[in-house]
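Read the structure below first, then the notes.
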Amino acid sequence: MTLAEQEKRFQEKIDNEIKIEPNDWMPDAYRQTLIRQISQHAHSEVVGMLPEGNWITRAPNLRRKAVLLAKVQDEAGHGLYLYSATETLGADREQTIDDLHSGKAKYSSIFNYPALTWADIGAIGWLVDGAAIMNQVALCRTSYGPYARAMVKICKEESFHQRQGYESLMVLCNGTPQQKAMAQDALNRFWWPALMMFGPNDAESTHSEQSINWKIKRFTNDELRQSFVDATVPQAEILGLTIPDPNLKWNEERGHYDFSEINWDEFWQVVKGNGPCNKERIEARVKAKQNGLWVREAANAYAKKRAMKKSA
Amino acid sequence: MSNTEWPLWEVFIRSKQGLNHKHVGSLRAPDATLALENARDVYTRRSEGISIWVVESSNIHATDIDEVAEFFEPSDTKIYRHPTFYEVPEGVKHM
């Protein structure tokens with residue numbers, strides 16, 4: 001079969017909603033796009049543990065601590081499902097991780113913002129996980145089988161992440177004026193970075209069109225961002241918090257909320273590595289890999305020794 | 001593969017008595033014992049399983065994707081293996 005025929009058959013499968021599985025023929029660019037996107041997604045799960053992990057020892061009570069631990073453990077699991085999915089495409093797991101450490105691979109910019117107060121942990125659950133869910137629910141129908149299946153599992157697990165954050169903010173909003181002010185401050189700092197999580201405007205997004213044709217992506221960045229704003233504004237109202245955007249207004253005609261333009265300079269600065277915590281996050285990951293080296297080696301040595309005993 | 005990288009394992013989980021083990025994904029672990037423990041932590045954090053199998057991925061043999069048509073041809077061409085192939089007069093019951 002010629003390359004053109006293979007490509008045609010591949011696109012027919014995509015158009016007929018037939019999932020692509022690991023050993024199927026796929027265009028090299030499809031494979032590379034998926035490896036880039038899925039590993040980036042995996043890195044985001046893993047780096048995402050850092051701002052929250054930092055608060056586990058300072059959670060205000062045992063219930064919140066147990067919840068935060070469970071959430072952070074989930075993020076580790078999500079990273080692992082996704083690294084597995086990249087391996088089904090022939091990617092080398094260690095190489096993808098080294099690409100994160102060298103700065104070659106990206107992760108969600110949101111994790112380059114610090115979690116300064118306890119309210120930030122609530123805001124991260126509500127807004128950051130909320131935005132992630134908006135994106136991931138759409139990805140449950142992505143064309144690559146292993147990615148879609150990982151997304152289904154991740155979405156099932158993540159709905160608690162958002163709810164626990166919202167509940168935690170609800171407590172602060174019903175608390176003292178200082179507590180409510182802390183919740184408002186967290187919203188002020190996380191609102192715009194959360195909207196940036198959906199990526200550049202469609203017109204600026206380099207990978208969008210091809211990814212939509214291949215059904216890797218089902219909705220554009222701007223569509224998902226709009227859905228997130230529409231879903232989140234009423235939730236803020238119930239909390240009694242104010243979204244930090246003077247132009248936020250319901251547009252009767254569109255049936256959507258209008259909102260201000262995002263500060264794209266800030267977005268690109270953070271993507272390029274100049275956010276408040278970029279350096280710290282990567283350093284933490286590199287250190288974790290280095291410090292874990294002896295554990296991985298010891299486990300290998302132990303496995304080898306036991307295998308030898310067994311065969312002896 | 002670097003010499004510190006652990007082998008890849010495929011994970012199969014029985015969600016409850018009466019159902020088959022089903023493939024859920026893969027993970028890396030140095031040996032079977034740790035592969036089972038990691039599988040528990042990665043794939044069954046919410047009571048998804050009562051039994052786990054792990055198999056080193058290198059031990060899995062699969063049908064060749066390029067020969068799928070020939071390989072499954074014998075089964076696709078024998079429509080007389082299905083009950084709907086046969087005509088039975090109206091009025092015949094319990095068949």
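Keep in mind that the numbers below use all heavy atoms, side chains included, and drop hydrogens, waters and symmetry copies. Everything numeric in this text was worked out from a predicted model, so none of it was measured. Proteins come first, then strands; the chains are lettered A, B, ... in the order of their sequence lines, and each starts at number 1.
Closest heavy-atom contact between B/Pro30 and A/Ala303: O-CB, 3.4 Å. Looking at every heavy atom in both residues, A/Tyr81 comes nearest to B/Val42 through OH-O, 3.1 Å. Shortest non-hydrogen contact noted between A/Asp92 and B/Glu5 is OD1-OE1, 4.0 Å.
Summarising the local packing, NZ of A/Lys8 is surrounded by 12 or fewer heavy atoms from other residues, nucleotides or ligands at distances under 6.0 Å. Summarising the local packing, NZ of B/Lys16 is surrounded by 12 or fewer heavy atoms from other residues, nucleotides or ligands at distances under 6.0 Å. Atom CH2 of B/Trp53 has 12 or fewer neighbouring heavy atoms from other residues, nucleotides or ligands inside a 6.0 Å radius. The environment of A/Met1 atom CE is dense: over 12 non-hydrogen atoms of other residues, nucleotides or ligands sit within 6.0 angstrom. The number of heavy atoms from other shown groups lying within 6.0 Å of CG (B/Asn20) does not exceed 12. No more than 12 heavy atoms of other residues, nucleotides or ligands sit less than 6.0 Å from atom CZ of A/Arg163.
Between chain B and the residues A/Gln95, A/Glu157, A/Lys153, the most heavy-atom pairs under 4.5 angstrom are made by A/Glu157.
Side chain of B/Tyr43 to main chain of A/Gly77: no donor-acceptor pair is present (N/O by atom type, distance under 3.5 Å, no hydrogens or angles). Formation of a donor-acceptor pair under 3.5 Å by the A/Ser84 side chain with backbone atoms of B/Gly25 is not found in this model.
At a 4.5 Å heavy-atom cutoff, the contact between B/Leu27 and chain A is made by backbone atoms alone. For A/Arg306, the part lying near chain B is the side chain, with the backbone staying farther off; criterion is any non-hydrogen pair under 4.5 Å.
A 4.5 Å side-chain heavy-atom check between A/Tyr83 and B/Arg28 finds every atom pair outside the cut-off.
Summarising the geometry, atom CG belonging to B/Leu8 is positioned 5.0 Å from atom CD belonging to A/Glu87; distances are rounded to the nearest 0.5 Å. Here the OH atom belonging to A/Tyr302 is positioned 7.0 Å from the OG1 atom belonging to B/Thr33, to the nearest 0.5 angstrom.
Ionic pairing of B/Arg46 and A/Asp74 is present here: one or more N-O contacts between side-chain nitrogen and carboxylate oxygen are shorter than 4.0 angstrom.
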